[in-house]
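Take a look at the structure set out below.
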There are 2 protein chains.
Amino acid sequence: MTGSDAIDRTVQAIREHGGRVTDQRKAILRVLFDESDHVTADELVRRVNSALPDVHVTTVYRFLDTLEEMGLVAHVHLGHGPAAYHLTTHRHAHVVCDGCGTIEVIDSSTIDRWSSELRRQTGFQLTEQHFAFAGRCSRCAGPR
Amino acid sequence: MTGSDAIDRTVQAIREHGGRVTDQRKAILRVLFDESDHVTADELVRRVNSALPDVHVTTVYRFLDTLEEMGLVAHVHLGHGPAAYHLTTHRHAHVVCDGCGTIEVIDSSTIDRWSSELRRQTGFQLTEQHFAFAGRCSRCAGPR
DNA sequence: AACTTATCGCAGGCTGGTTGCAACAAGGCG
DNA sequence: CGCCTTGTTGCAACCAGCCTGCGATAAGTT
């Protein structure tokens with residue numbers, strides 16, 4: 001319900017943006033809105049293909065690019081591997097565990113606090129977190 | 001003076017580690033200790049080659065790997081491009097400006113403070129900053 | 001239905017980094 | 001000193017992640 005509503009609105013936005021709505025794009029949108037988490041381009045392709053075979057990686061990358069241009073999607077670099085894409089429904093930053101790869105979403109207010117502290121000290125301010133913070137989750141860090 | 005002292009000590013450490021000291025390795029070390037800043041593998045190759053031609057990229061990567069294993073060198077990912085290598089003479093983290101690419105080194109005590117705050121909140125602690133923080137320097141952020 | 005033009009799939013390319021392997025040479029030993 | 005073991009080198013080839021060029025296809029306007 002909510003999901004397909006959101007998709008309908010996105011489809012509308014794409015057309016207003018001068019874009020066309022193809023079966024491939026609809027399938028990609030469905031996966032994106034279904035999966036509330038982060039997806040790599042490759043995972044996205046795999047899942048799209050299970051509904052609509054033969055959608056090519058390039059198609060996915062190109063559509064993700066236009067969605068990013070439109071501000072509906074963002075990608076984050078979680079580490080050495082491929083980037084992860086997510087809807088920009090709410091601002092957040094990411095911490096990735098070096099040990100087990102767990103991704104934790106951290107609140108943007110924390111980042112904002114750090115950013116203003118850093119700005120006072122050095123003039124730098126942290127931007128939307130395009131690169132994840134590396135760390136260790138409580139399990140991998142162990143006691144102490 | 002100090003530089004070549006440090007190199008001599010490193011050469012010693014390499015031998016104790018069971019490694020051999022070749023002309024290529026000496027040339028790489030010279031560049032590393034000369035350049036107190038961060039260098040990409042490619043820059044390193046170029047500078048090494050100006051002293052000793054035909055040293056191959058692979059050689060540089062492999063030697064950097066062993067230096068990292070020995071804990072003498074670390075690399076940091078500053079953004080989308082190649083990684084930057086530096087001596088581990090002192091612990092520090094990096095902030096990269098999205099706008100102009102300026103790299104600023106930030107004190108590890110700041111990171112430690114953030115890390116313990118995050119740990120209290122989520123159990124996560126930030127590790128040595130293998131990935132740089134993205135941000136905007138005062139010039140690129142503009143006033144306010 | 002006709003037509004314009006965005007989008008698609010595919011082949012191929014690019015960057016940053018790694019691997020397999022034969023030739024080479026560091027440095028230990030007699 | 002010269003021999004010999006074994007770490008190191010250069011080269012070619014490969015890999016992942018992503019992007020580009022291009023002719024074919026199809027969305028959506030009229």
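Chain identifiers are assigned alphabetically (A, B, ...) following the order of the sequence lines, protein sequences preceding nucleic acid strands; residue numbering begins at 1 within each chain.
Between A:Leu44 atom CG and D:dC18 atom P there is a gap of 12 Å when expressed in whole angstrom units.
For A:Arg46, the salt bridge (Lys or Arg N to Asp or Glu O under 4.0 Å) partners are A:Asp42, not counting sequence neighbours. By the side chain to side chain donor-acceptor pair (under 3.5 Å) test, A:Arg136 is found to be paired with no residue, residues two or more places apart in sequence or in another chain being considered. Legend: residues meeting ring-ring contact (aromatic ring centres under 6.0 Å, His included) with A:His56, ordered by chain and number and at least two apart, are absent. By the ring-ring contact (aromatic ring centres under 6.0 Å, His included) test, A:Phe133 pairs with A:Trp114, B:Phe133, sequence neighbours left out. Applying the side chain to side chain contact (heavy atoms under 4.5 Å, CB included) test to A:Thr66 and every residue at least two apart in sequence or in another chain returns A:Arg25, A:Phe63. For A:His80, the ring-ring contact (aromatic ring centres under 6.0 Å, His included) criterion is met by B:His77, B:His130, B:Phe131, not counting sequence neighbours.
Between the side chains of A:His38 and A:His94, at least one donor N or O lies within less than 3.5 Å of an accepting N or O.
Listed by first and then second residue, the salt bridge (Lys or Arg N to Asp or Glu O under 4.0 Å) pairs involving residues 30-39 of chain A are A:Glu35-A:Arg47 (not counting sequence neighbours). Within the structure, the salt bridge (Lys or Arg N to Asp or Glu O under 4.0 Å) test picks out the following pairs touching residues 85-109 of chain A (sequence neighbours left out): A:Arg91-A:Asp112. Residue pairs meeting the salt bridge (Lys or Arg N to Asp or Glu O under 4.0 Å) criterion with at least one partner in residues 63-80 of chain B, sequence neighbours excluded, are absent.
Residue B:Ala41 is out of contact with every strand shown, counting any heavy-atom pair closer than 4.0 Å.
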Side chain to side chain contact (heavy atoms under 4.5 Å, CB included), that's the test. Do B:Leu72 and B:Leu87 meet it? Break it down for me.
CA-CA 6 Å; B:Leu72 300 172; B:Leu87 298 172; 5.6 Å; no

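Residue A:Ile28 is the one, among B:Gly81 and A:Ile28, whose nearest nucleotide of DNA chain C lies closer to the 5' end (criterion: closest heavy atom).
Looking at the side chain of A:Pro82, the nearest of the listed nucleotides D:dG17, C:dG17, C:dT7 is D:dG17.
Helix bend of the helix from C:dA1-D:dT30 to C:dG30-D:dC1: the angle between its two end axes, each built from five pairs, comes to 20° after rounding to 10°.
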Per-nucleotide protein contact along nucleotides 23-30 of chain D, 5' to 3', at a 4.0 Å heavy-atom cut-off (B base, S sugar-phosphate only, - neither), is ---BBS--

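In the region residues 47-72 of chain B, proximity to DNA chain C at under 4.0 angstrom, judged on heavy atoms, holds for B:Thr58, B:Tyr61, B:Arg62.
A close approach under 4.0 Å does occur between a side-chain nitrogen or oxygen of A:Gln24 and OP1 or OP2 of C:dG9.
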